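Excluded from the calculations below are hydrogen atoms, water molecules and symmetry mates; all remaining heavy atoms, backbone and side chain alike, are included. Predicted model, so just to flag it, every value in this text is computed and none were measured.
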Amino acid sequence: MSDLTVTLPDGSRQAVPKGTRPADIAQSISPRLAADAIVARVNGELFDLTRPLDGDAELQILTTKNPEALTVYRHSTSHLLAAAVLELFPETKLGIGPPTDTGFYYDFQRETKFTPEDLEEIEARMHELQAKNLPFERKLTSKQDGLEKYRDDWMKRELIEERAGDVFTEYTLGPDFIDFCRGPHVPSTEKLKVFKLLSISGAYWKGDEKNPQLQRIYGTAFFTKKELDEYLHRLEEAKKRDHRKLGQELDLFSIQELAGPGLIFFHPKAGVIRKIIEDWMRDQYMERGYSLVYTPHVARSDLWKTSGHYNFYSENMFKRMELDDAEYQLKPMNCPFHILIYRDRLHSYRDLPVRLGELGTVYRYERSGVMHGLFRVRGFTQDDAHIFCTPAQIEDEVVNCLQFAVDTLRTFGFEQYEAELSTWDNGASGKYDGAREEWELGENALKRAADRLNLRVKISPDEAAFYGPKIDVKLVDAIGRLWQLSTVQFDFTLPRRFGLEYIAEDGKSHQPLMVHRALYGSIERFFGILIEHYAGAFPVWLAPVQATVLPITDRQIAYARQVEKKLSGAGIRVHVDDRNEKVNFKIREAQLQKIPFMLVVGDREAQAGEVSVRNRKRGDQGAQSIDAFLGNLRNLIETKAISE
């Protein structure tokens with residue numbers, strides 16, 4: 001058998017017989033490496049450890065330290081789930097079972113609904129199969145044979161018809177399980193030691209509500225039990241912080257069935273928080289050289305045809321409305337409106353940059369199955385800004401946008417964040433708009449801007465918007481979750497579509513550069529993130545009620561009102577709980593409502609002109625004069641302190 005050459009990551013080379021497996025090479029390097037190996041990368045592609053090499057190869061063995069290895073590990077665990085389900089419930093039809101960022105799922109078609117008890121039985125069977133050390137084996141099948149084999153399985157037939165070439169791959173798991181799959185997988189179930197099934201939900205085939213509804217089983221898998229335990233702890237913590245649960249308990253917002261799904265009603269307490277969030281952003285706009293604008297909620301369809309949304313974004317837009325003079329649509333974006341404001345008069349290079357900012361409400365059609373509290377809605381308000389500038393100004397503008405994003409995160413208590421630069425594919429696919437020089441200018445400006453701010457940026461090739469490159473800033477919340485928030489995006493398309501111009505120093509018309517910029521993303525989603533980050537216990541400066549005065553008996557109600565009046569006059573959000581209840585009950589109620597300060601007043605406090613201060617986190621703080629308490633509280637508010 002002829003030799004082939006394998007090049008390892010350190011540049012060393014080995015001559016090995018054709019048909020040698022990556023697992024064999026791992027074993028020859030180190031038994032420890034072989035034990036830790038999950039999958040291989042061969043000539044840049046993920047590759048089964050047990051798949052024979054048939055040509056010269058650049059080889060890397062991926063272990064448990066590699067994120068891609070975890071993805072393969074989870075995908076293999078989803079197959080283990082499917083095998084267990086078929087053993088227990090052989091009438092079940094298989095859908096798809098991909099890995100996810102946090103685990104895996106598998107979709108099944110079965111007339112009888114899975115139950116939590118079924119989940120326990122399935123997981124137990126998975127452990128039984130795992131202990132048998134069943135091999136994952138790759139098998140090549142012709143498309144014709146596959147369609148014949150799966151003639152009674154409509155989902156597999158559909159997948160093969162859509163995705164398979166003349167020959168496609170299947171993977172067996174032991175003697176009794178086989179599934180159409182591109183792979184790769186771990187060598188055997190011996191590797192799959194730590195997993196947990198989590199939940200059952202409904203899911204439409206391919207995510208389309210016009211298709212049959214299936215049952216989806218979610219699970220997760222990790223390389224160590226410690227990692228699994230930490231993840232399960234975060235899940236429990238996330239349940240406690242769920243903004244939908246807290247939103248109801250704290251009377252913050254609702255979604256009214258009579259009005260329709262995905263439309264958010266901010267209740268009075270949330271209205272206070274929203275005002276603070278919006279006022280802060282508008283004040284920042286003015287301080288940072290933006291001009292505030294306000295634009296309509298609807299426009300003629302002609303506008304959306306010019307912008308391209310009519311054709312390319314129509315499935316995400318609300319249906320058209322026929323009015324007296326024309327066809328109209330609710331706006332899904334603010335950018336065309338800001339462009340019209342810019343285009344309304346001729347600009348000189350001396351006018352640039354023009355920065356237009358708005359907290360504008362937009363409407364997008366979201367399918368009922370994907371809406372989720374405040375995070376996925378049909379009507380939401382964006383802190384949207386668009387910057388029109390010259391090529392010489394672009395880098396400074398991007399720096400300012402990124403600094404604005406960081407300042408926003410820190411103001412609201414997010415000290416950890418990550419940034420991701422999404423670039424194009426150098427024109428290989430033809431799916432991106434704009435000339436090569438435009439993309440180079442945009443990507444280089446984003447990179448240099450990040451460097452100037454010492455902002456570490458992960459590069460994500462071929463993930464840009466079709467109209468230009470972008471930097472996304474993702475915050476890390478109190479329990480370690482990443483949330484996509486701020487974005488800075490170039491746009492080469494809309495200035496061209498709308499014929500935007502400015503008169504340059506040479507006296508000629510030039511097309512300005514355009515940047516989209518959103519920092520909260522949307523008020524609704526940002527508010528939901530704040531609820532979960534703080535578990536509903538907002539910092540004092542954001543809290544809808546900053547202090548509650550609790551008279552011990554009716555005799556102190558008049559004094560409690562005096563305290564309320566003084567604090568309210570100083571701008572503090574305060575109320576008196578004068579219900580005919582015991583003070584301990586009032587304290588518990590205030591704790592449940594997560595009010596930062598409780599001011600207990602009895603005869604002694606009334607006579608001394610004091611309040612007995614109780615902090616929601618640290619308990620009894622002792623008696624203080626009203627002025628002393630007010631001074632401390634105002635300091636917390638003015639400095640936007642995160643903890644009290």
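Identified under the salt bridge (Lys or Arg N to Asp or Glu O under 4.0 Å) test for residues 245-263, with sequence neighbours left out: Lys245-Glu249. Listed by first and then second residue, the ring pair (Phe, Tyr, Trp, His ring centres under 6.0 Å) pairs that reach into residues 561-597 are Phe597-Phe629, sequence neighbours excluded. Applying the salt bridge (Lys or Arg N to Asp or Glu O under 4.0 Å) test to residues at least two apart or on different chains, the pairs with a partner in residues 269-281 are Arg274-Glu278, Arg274-Glu524, Lys275-Asp279, Glu278-Arg282.
Looking only at atom types and distance, the side chain of Thr295 has a donor-acceptor partner in the side chain of Lys331 under 3.5 Å away. His267 and Ser254 are linked by a side-chain donor-acceptor pair at a separation below 3.5 angstrom, with hydrogens and angles left out of the test. Thr220 and Thr102 share no donor-acceptor pair across their side chains, judged by distance under 3.5 Å alone. With hydrogens and angles left out, the side-chain atoms of Tyr534 and Asp477 include no donor and acceptor closer than 3.5 Å. Side-chain N/O atoms of Asp472 and Thr487 include a donor and acceptor closer than 3.5 Å.
Remark: His233 NE2 is loosely packed, at most 12 non-hydrogen atoms of other residues, nucleotides or ligands lying under 6.0 Å away. Around NZ of Lys617, the count of heavy atoms belonging to other residues, nucleotides or ligands within 6.0 Å exceeds 12. Dense packing is recorded around CG of Asp283, with more than 12 heavy atoms of other residues, nucleotides or ligands lying under 6.0 Å away.
With sequence neighbours left out, Tyr204 forms a side chain to side chain contact (heavy atoms under 4.5 Å, CB included) with Glu209, Gln213. Qualifying salt bridge (Lys or Arg N to Asp or Glu O under 4.0 Å) partners for Lys226, counting only residues two or more places apart in sequence or in other chains: none. For Trp205, the side-chain hydrogen bond (donor to acceptor under 3.5 Å, both in side chains) partners at least two apart in sequence or on another chain are Glu158. For Lys93, there are no side-chain hydrogen bond (donor to acceptor under 3.5 Å, both in side chains) partners at least two apart in sequence or on another chain. The salt bridge (Lys or Arg N to Asp or Glu O under 4.0 Å) test applied to Glu87 returns Arg125, not counting sequence neighbours. Contacts of Asp118 classified as side-chain hydrogen bond (donor to acceptor under 3.5 Å, both in side chains), with partners at least two apart in sequence or in another chain: Thr115. Annotation: salt bridge (Lys or Arg N to Asp or Glu O under 4.0 Å) contacts of Lys225 (sequence neighbours excluded): Asp229. Partners of Arg234 by side-chain hydrogen bond (donor to acceptor under 3.5 Å, both in side chains), not counting sequence neighbours: none found. Residues that satisfy the salt bridge (Lys or Arg N to Asp or Glu O under 4.0 Å) test with Lys586, not counting sequence neighbours, are absent from this structure.
For Arg288 and Phe404, the positive end sits near the middle of the six-membered ring, less than 6.0 Å away and at most 45° from its axis. Under a cutoff of 6.0 Å and an axis angle of 45°, Arg110 and Phe114 form a cation-pi pair. Figure legend: cation-pi geometry between Arg74 and Phe222, with NZ or CZ positioned under 6.0 Å from the six-membered ring centre and within 45° of its axis.
Aromatic ring centres of Phe266 and Phe527 lie closer together than 6.0 Å.
Below 30°, between 30° and 60°, or above 60°: for His75 and His79 the angle between ring planes is above 60°, a perpendicular geometry.
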What do the steps show when you test Ser460 against Ser422 for side-chain hydrogen bond (donor to acceptor under 3.5 Å, both in side chains), and what is the final call? CA-CA 5 Å; Ser460 295; Ser422 299; 4.8 Å; no
Problem - Pair Trp483-Tyr417, ring-ring contact (aromatic ring centres under 6.0 Å, His included): steps then yes or no - result: CA-CA 9 Å; Trp483 297 92; Tyr417 46 86; over 10 Å; no
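Looking at heavy atoms from C-beta onward, Trp280 lies in side-chain contact with Gln284 at the 4.5 angstrom threshold.
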